[in-house]
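The structure presented is a predicted model; accordingly, all values stated were derived computationally and were not measured. Chain letters run A, B, ... following the sequence lines, proteins first, then strands; residues in each count from 1. Just the heavy atoms: all of them, side chains too, but no hydrogens, waters or symmetry mates, feed the values below.
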Amino acid sequence: FLTFEGDLKWEHTDLTYRVINYSPDLDRAVINDAFKRAFKVWSDVTPLTFTQIYSGEADIMIMFGSGEHGDGYPFDGKDGLLAHAFPPGRGIQGDAHFDDDEFWTLGTGLVVKTRYGNANGADCHFPFIFEGRSYSRCITEGRTDGLPWCATTASYDRDKKYGFCPSELLYTNGGNSDGSPCVFPFVFEGTSYDACTTDGRSDGYRWCATTASFDQDKKYGFCPNRDTAVIGGNSQGDPCVFPFTFLGESYSTCTSQGRQDGKLWCATTSNYDTDKKWGFCPDRGYSIFLVAAHEFGHSLGLDHSTVREALMYPMYSYVQDFQLHPDDVRGIQYLYGRGSGPAPTAPVPAPTEEPQPLPTEEPQPAPTEEPQPMPTEAGSASTTEEEEEEETPEPTSEPVPVDPSRDACAEKNFDAITEINGELHFFKDGKYWTLSSFWKSGIQGAFSVADTWPGLPPVIDAAFQDVLTKRVFFFAGRQFWVFSGKSVLGPRGIEKLGIGKDAGRITGALQRGRGKVLLFSGESYWRLDVKVQRVDKGYPRATDDVFTGVPLDARNVFLYQDKYHFCRGSFYWRMTPRYQVDRVGYVKYDILQCP
Amino acid sequence: APLPGKPQALVTFPGELGSALTDRELAERYLLRFGYTTEAEARTGARHVSLGKALRRMQRQLGLEETGQLDAGTLEAMRAPRCGVPDVGT
């Protein structure tokens, strides 16, 4: 092994990383999981720990880019250079960059992760049988809304298991529209577009407007790559068009004609000769996990190894059951020591290439319009992505309704109500229900609080989600817990937050932006600085001074659809950000929409 | 696959970075990019001598057979996908 000149290394062991943007080749959850496993390769054999953060400067900033991407070390289109990283230090030091002209997979070909449907976010199974025909791609047959879908088993006819494929008609990534799908046609600089475009951008990423006019609303998102998307060329992300004409001949599949390197390509219009629009066809691609594990080795201070089987060997080769080579272990332990892990007499079998059971996101109801012959989205539990840059560390196991018979509409009141990942959560006696206002498919649940947030008491008083880091704070009595996915900090006493002994239980919370949250107890409220986890000076203050006209003994206080909600008994008072009560109604009928 | 017997016309595809390089150009670019040669060495008159020395250094680093020649194995390694961090130098 080799280290960089001067044995560059990090002087602290609790390292942070942040994923600035995501390749459209893979679902965001797949990329996050791959990076997490890649860091675990190194934390398993050292005292180092790695925490993903979602804003601000992390030790290791991760990004995807093509060609020249801002650091003066340009990438080179498909293949060749795959990625690079900088040795430990401040600023760009430690950062890792990945060439987005590559086709990123888990090393064995296209990964098409589905959303919604009834397959819990499983990947497409190619080929699959539908109505007796075999398909090896996403299809729109059987639907009238044009949403591409696939089966997640070998036969849809037999198993009826399916999900929706990545497409701009279903969601977008990044941008400023919280993942909303594209709206076609949309107007940009006076021109009407009915497909994703790279116009107006220099980085080649395809985008669309999420309202009818970008010129007017400035709302946009980046288009996910469909399963037929080409890689690189001059049409990154556009689908192949078959048949297409090339040098006067017609082609209905990818071809290597015209090339010396034998790579398969296709045209993205019906006539290459006239339009010259083309790209490479999907191949096995490069394992984002393996390349990331190598680059993170650089970020930690390892240079290239001369040992061919070592992870830090500079050339890429796909390995099915990856194991860190002793040469890599010696190198990293030379820099950081062994840590508490067992002495790996034989290399500890690192996670296999196959993705671990992917952390699936909160259950999301499927798109509403569901024409036959598709099954109705009964209990669809698929994934969705919070599209701001912040990605919630989702609970690692999919919440499965434990007691569908427990009906939220039968409850007189709730222990706590709060919005998590864009869904309203109603907690009662160790159970909870969720309601999404975006997808109109009603109340989901009852789920078990203990399954989703192990360690919480059955009865909680209040909860809120920190919008910056997506961590969820729970309060019960004078204690609180902080959950990041399934990992929890606590219980700790609320006095640690600076809330005095005179305060009783916390009844609710209102997110105020810029990392501030108002915590309500009795007839007072505190302003919590979530980052430092301390209440600000000058608190508590009297609720009545600011929030006039709402009950002072509210059982629940929560922010929902940008308005403050105070609940008492079966009623709620809704207050505008300008502190005007604009509605009083029934929690059951107005918020829960019970029949 | 190319149609048998039909001379395959090679096309330069728009947007593809860099047109086809000769083996020597490929080698010189690779050795410079990954730190086996320096700009100065690449420009001096004794390019043949420095190329052989740099090739031998690259072959040793990557565990290839040390021939100092632009043989098939070395060219294949130079075309293989890899990390962009230089093997030698900063």
Side-chain angles (χ1 to χ4, degrees), chain A residues 2 4-5 66-67 73-87 97 99 101-102 204 232-236 246-247 249 255-262 264-265 272-273 276-280 286 291 294-295 297-298 302-309 312-317, chain B residues 1-36 38-39 54-66 72-90:
Chain A
L2 274 172
F4 289 108
E5 218 167 292
S66 301
Y73 297 94
F75 287 131
D76 58 355
K78 190 174 191 309
D79 305 321
L81 306 185
L82 305 184
H84 56 222
F86 297 83
H97 302 164
D99 184 354
D101 274 340
E102 307 309 340
N234 60 2
S235 309
Q236 170 86 346
F246 170 58
L247 301 181
E249 302 245 358
T255 179
S256 60
Q257 282 291 313
R259 300 193 60 87
Q260 221 175 358
D261 54 20
L264 293 175
W265 68 277
Y272 174 82
D273 296 339
K276 298 285 193 281
K277 297 289 281 180
W278 71 286
F280 292 107
Y286 296 111
V291 175
H294 175 100
E295 297 308 328
H298 289 315
L302 286 181
D303 203 340
H304 283 144
S305 169
T306 57
V307 175
R308 265 195 174 215
E309 299 75 24
M312 293 314 292
Y313 187 70
M315 280 152 58
Y316 173 86
S317 58
Chain B
L3 298 176
K6 189 170 170 46
Q8 191 190 62
L10 296 183
V11 167
T12 299
F13 288 83
E16 198 156 36
L17 299 177
S19 59
L21 298 174
T22 66
D23 289 349
R24 184 170 184 104
E25 287 167 337
L26 172 71
E28 286 174 348
R29 187 178 77 165
Y30 187 96
L31 295 169
L32 184 63
R33 165 177 279 171
F34 296 109
Y36 295 104
T38 61
E39 290 278 1
L55 279 173
R56 203 178 288 278
R57 196 172 177 195
M58 171 238 178
Q59 289 161 345
R60 189 178 323 119
Q61 167 77 17
L62 297 184
L64 306 172
E65 190 191 351
E66 290 183 43
T74 302
L75 278 169
E76 187 188 344
M78 288 179 169
R79 290 196 174 95
R82 61 160 286 162
C83 170
V85 172
D87 298 327
V88 179
T90 55

>> Please classify the contact of A:Tyr272 with chain B as side chain, backbone, both or neither, using a heavy-atom distance under 4.5 Å.
In response: side chain

> So what's closer than 4.5 Å to chain B heavy atoms on A:Phe86: side chain, backbone, both or neither?
Replying inline: neither

> Is the Lys NZ or Arg CZ of A:Arg259 less than 6.0 Å from the centre of A:Phe280's six-membered ring, within 45° of the axis?
Replying inline: no

>> Given 3.5 Å as the limit, does a donor-acceptor pair link the side chain of A:Tyr316 with the main chain of B:Cys83, or not?
In response: no

>> Between A:Glu102 and chain B, with a heavy-atom cut-off of 4.5 Å, which part of the residue counts as in contact: side chain, backbone, both or neither?
In response: neither

> When heavy-atom pairs shorter than 4.5 Å are enumerated against chain B, which of A:Val307, A:Leu2, A:Leu81 gives the highest number?
Replying inline: A:Leu81

> Which bit of A:Ser235 is near chain B, if near means a heavy-atom gap under 4.5 Å: side chain, backbone, both or neither?
Replying inline: neither

>> I'd like to know if B:Arg29 pairs up with A:Asp76 as an ion pair, taking the criterion as any Lys NZ or Arg NE/NH1/NH2 lying under 4.0 Å from an Asp or Glu carboxylate oxygen.
In response: no

> Under a 4.5 Å heavy-atom cut-off, does chain B meet the side chain of A:Leu82, its backbone, both or neither?
Replying inline: both

>> Within the structure provided, determine whether B:Asp23 and B:Arg79 are in side-chain contact (heavy-atom separation under 4.5 Å).
In response: yes

> Between A:His84, A:Lys277, A:Met315, which shows the greatest number of heavy-atom pairs under 4.5 Å with chain B?
Replying inline: A:Met315

> Short question: side chain of A:Asn234, backbone of A:Trp278 - any donor-acceptor pair under 3.5 Å?
Replying inline: yes

> Can you tell if the side chain of B:Glu66 reaches within under 4.5 Å of the side chain of B:Thr74, non-hydrogen atoms only?
Replying inline: no

